[in-house]
Amino acid sequence: MINSIRGFNDILPPETSIWQHIEKEAREIFEAYGFSEIRVPIVEKTGLFSRSIGETTDIVEKEMYTFEDRHGEAITLRPEGTAPVVRAYIEHKIYGNDPVAKFYYLGPMFRYERPQKGRFRQFHQIGAEVFGIDDPKADAETLEMLVCLFQKLGLEGITLQINSLGCKECRPLYKEKLLSFLQDKKSQLCHDCQRRFEINPLRTLDCKSPGCIEITAHAPSILDAVCDGCKTHFEKVKEYLALSQVDFSLNQKMVRGLDYYIRTTFEITALGLGSQNAVAAGGRYDGLVKSLDGPDTPGFGFAIGMERLVMLAKDRGQQLAVSNQPLVFIAILGDKAEKEAVGLIKRIRTSGIRLERDYSSKSIKSQMKRADKLGARYVLILGDDELSSCSIIIKNMQSGEQEKVALDRVEDRMKELLRKSASIKINLDIL
RNA sequence: GUGGGCGUAGCUCAGCGGUUAGAGCAUCGGACUGUGGCUCCGAGGGUCGGGGGUUCAAAUCCCCUCGUCCACCCCA
């Protein structure tokens, strides 16, 4: 038996209906906020990612799916969505239209990591990017949109944490400050943090080891250390978030894993996701467009982890209801009826009714059983008795009542019956 | 890359040296010959993840391997 590759999962019904529901809500909200969908390739030249995400990040150093194509060119399955969107923005000179451009995307991303709860090698993100606005209003409004989506999905227990990482000017100064603070305490740091001290000292700030938490509790604050421009920017972000009535908390120890982030960064975490508790994250990346050979254009964006979001939606169980079209089943008895049914089934389906049929030609009992198992609201029964009078039986599976109608009136009668019943709710607990 | 848990029927699991490996659910059939759900009866379905070893005897003990889950690193 050939099975799927580690970390690459099938998404099966009925879970796919949750995905469709989330995708639909996201599209609606993002479009309402003036974003348009962009579709970019799943594979890009390797250099796009190593240059944008950062040569020394974990993603680039050990997590990328990189191959050589038949001409020996190094290509990579995208590990994130921002870089390809930025590439497309530059390549198509979209900045030439309007100084502001807003895109959203959704699709699979790939990272070669050990799978665990909420982490896969192929995973899916819904993301959005805003180009051309350095004003903090863009940061706040984009966060408002994101929180709005989560609210629309009815999610509870989620927290928005924000921080500022400073800019290219002031962050190196803070880094120096932090290093000199940690210098004499280096030996007390945990093993991982001694390594972080060399590679990325900011990471020691969000270490989980109790000893490091104690040490870094007294570390200089990044929010105190950033330059006046960054300070003002961050103050405005908070001010506008408040005006948007978006709740947030400050987390001065939050650090991002991608090099291109500056100033505002954020994370939305939720309970019940296991150890990987971020369901969405992002921030500002002024300078990224320029570094990829475009004009000096500011940017802000985020990505939502679909699998993690779906987990949260499932946890909510029956409270998150999905409407679904009721199902009609047709039971068929006898050769004559089989042939007569073909045209009838086609007519009913093309009239927009969701209809499943029998293919087995088995006893009516087994056909009824299948109809019941599929959750059919109505069953149509077509056999010799009905054919002889050019009629068909419609059975209501909830009440057990049945009626006989003329064959040429089936679609009309079914539409009438289905209109009366509101859309059913699927209990997501069963998924 | 590192550490730990778990792999027995389609699913959830029991059995943990001793006949022919079980249960519940699911599937199929019958009781009920053209009417589902409830009940009862019956049937099918397993190289006990794979390989090697110990033993008179291995699903059970040991080693290796693969898969999976969780955690670390890191991230959505």
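A note on names: the letters A, B, ... follow the listed sequences, proteins ahead of strands, and every chain is numbered from 1.
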May I ask you to say what A/Lys365 touches in the nucleic acid, namely base, sugar-phosphate or nothing, with a heavy-atom cut-off under 4.0 Å? base

In Å and rounded to the nearest 0.5 Å, what is the CD to NE2 distance from A/Glu23 to A/His124? 8.5 Å

Would you indicate which nucleotide in B/U68, B/A71, B/C75 comes nearest to any side-chain atom of A/Arg6? B/U68

Between B/G17 and B/C6, how many Å separate the two P atoms, rounded to a whole number? 16 Å

Against the side chain of A/Arg203, the closest entry in B/G34, B/A76, B/C75 is B/C75

Please measure how far the C1' atom in B/C40 lies from the corresponding atom in B/G51, and state the result in whole Å. 46 Å

In whole angstroms, the gap separating C1' of B/G1 from CD of A/Gln116 amounts to 14 Å

For the P atoms, the ones on B/U8 and on B/C13, what distance do you get once it is rounded to whole angstrom? 9 Å

For the pair made of CD1 in A/Ile392 and C1' in B/G34, what is the distance, rounded to whole Å? 14 Å

Taking the side chain of A/Asp385 as heavy atoms from C-beta outward, which of B/A71, B/A76, B/G34 is closest to it? B/G34

Which nucleotide in B/G36, B/C73, B/U68 has an atom nearest any side-chain atom of A/Arg119: B/C73

When all nucleic acid strands are considered with a 4.0 Å heavy-atom cut-off, which category describes A/Ser363: base, sugar-phosphate, or nothing? sugar-phosphate

Decide, yes or no, whether a salt bridge links A/Lys314 with A/Glu15 under the criterion of side-chain N to carboxylate O below 4.0 Å. yes

A/Arg308 side-chain proximity, nearest of B/U35, B/C75, B/C72: B/C75

SB check A/Glu28 A/Lys24 (cutoff 4.0 Å): yes

Which part of the nucleic acid, if any, lies within contact of A/Arg114, taking any heavy atom under 4.0 Å across all strands shown: a base, the sugar-phosphate backbone alone, or nothing? base

Which of these passes side-chain contact (heavy atoms from CB on, under 4.5 Å) with A/Ile332: A/Ile345, A/Leu380, A/Ile381? A/Ile345

From B/C74, B/C70, B/G36, pick the nucleotide closest to the side chain of A/Lys395? B/G36

Taking any heavy-atom pair under 4.0 Å as a contact, classify A/Arg195: base, sugar-phosphate, or nothing. sugar-phosphate

Rounding to a whole Å, what distance do you find between A/Glu267:CD and B/A76:P? 8 Å

Both A/Glu307 and A/Ser366 contact RNA chain B. Which one's nearest nucleotide lies toward the 5' end? A/Ser366

If you look at every strand shown and take non-hydrogen atoms under 4.0 Å, does A/Gly400 touch a base, only sugar-phosphate, or nothing? base

With rounding to whole Å, what would you report as the distance between B/A59 and B/G15 at their C1' atoms? 8 Å

For A/Glu386, which contact category applies under a 4.0 Å heavy-atom criterion: base, sugar-phosphate, or nothing? base

By nearest atom, which of the nucleotides B/A71, B/G37, B/A76 is closest to the A/Arg256 side chain? B/A76

Charged N-O contact under 4.0 Å between A/Lys395 and A/Glu401: no

So what does A/Lys62 hit on the nucleic acid, given a heavy-atom distance under 4.0 Å: a base, only sugar-phosphate, or nothing? base

Rounded to whole angstrom units, what separation is found between the CE atom of A/Met64 and the C1' atom of B/C75? 15 Å

Could A/Arg357 and A/Glu338 be called an ion pair, given the rule that one side-chain N must be under 4.0 Å from one carboxylate O? yes

Look at all strands and tell whether A/Gln402 reaches a base, only sugar-phosphate, or nothing, counting heavy atoms closer than 4.0 Å. base

Which nucleotide wins on minimum distance to the side chain of A/Ser275, given the candidates B/C73, B/U35, B/A71? B/A71

Describe the nucleic acid contact of A/Phe120 in one word from base, sugar-phosphate, nothing, applying a heavy-atom distance below 4.0 Å. base

What is the distance from CG of A/Leu12 to P of B/G10, rounded to the nearest Å? 17 Å

Using a heavy-atom cut-off of 4.0 Å across all strands, would you classify A/Gly274 as base, sugar-phosphate, or nothing? sugar-phosphate

Length of the line joining A/Phe8:CZ and B/G67:P, which is rounded to integer Å: 14 Å

5'-most contact on RNA chain B: A/Asn9 or A/Val255, nearest heavy atom basis? A/Asn9

Looking for any heavy atom pair under 4.0 Å, which part of the strands does A/Ile59 touch: base, sugar-phosphate only, or nothing? nothing

Please determine whether a side-chain nitrogen of the Lys or Arg among A/Arg111 and A/Glu80 lies less than 4.0 Å from a carboxylate oxygen of the Asp or Glu. no

When rounded to the nearest Å, what value does the distance between P atoms of B/G34 and B/C70 take? 48 Å

Any base atoms under 4.0 Å from A/Ile381, or only sugar-phosphate, or nothing? Heavy atoms, all strands. base

Can you tell me, in whole Å, how much space there is between the C1' of B/A71 and that of B/C61? 29 Å

Look at the side-chain N and O atoms of A/Gln367 and state whether any lies under 4.0 Å from the OP1 or OP2 oxygen of B/U35. no

Roughly, in whole Å, what's the span from NZ in A/Lys369 to P in B/A31? 11 Å

How long is the gap from OH on A/Tyr112 to OH on A/Tyr65, to the nearest 0.5 Å? 6.0 Å

Would A/Glu386 and A/Lys336 pass as an ion pair if we require N to O under 4.0 Å? no

When you compare B/C11 with B/G52, how far apart are their P atoms, in angstrom units rounded to a whole number? 26 Å

A/Gln276 side chain: which of B/G34, B/C75, B/C73 is closest? B/C75

Of the candidates B/C72, B/G29, B/C74, the side chain of A/Lys362 sits closest to B/G29

Rounding to a whole Å, what distance do you find between A/Lys117:NZ and B/C69:C1'? 10 Å

What distance, rounded to whole Å, do you find between the two C1' atoms, one in B/G67 and one in B/C48? 16 Å

For a quick check of understanding: with a heavy-atom distance under 4.0 Å over all strands, which category does A/Ala371 fall into, base, sugar-phosphate or nothing? nothing

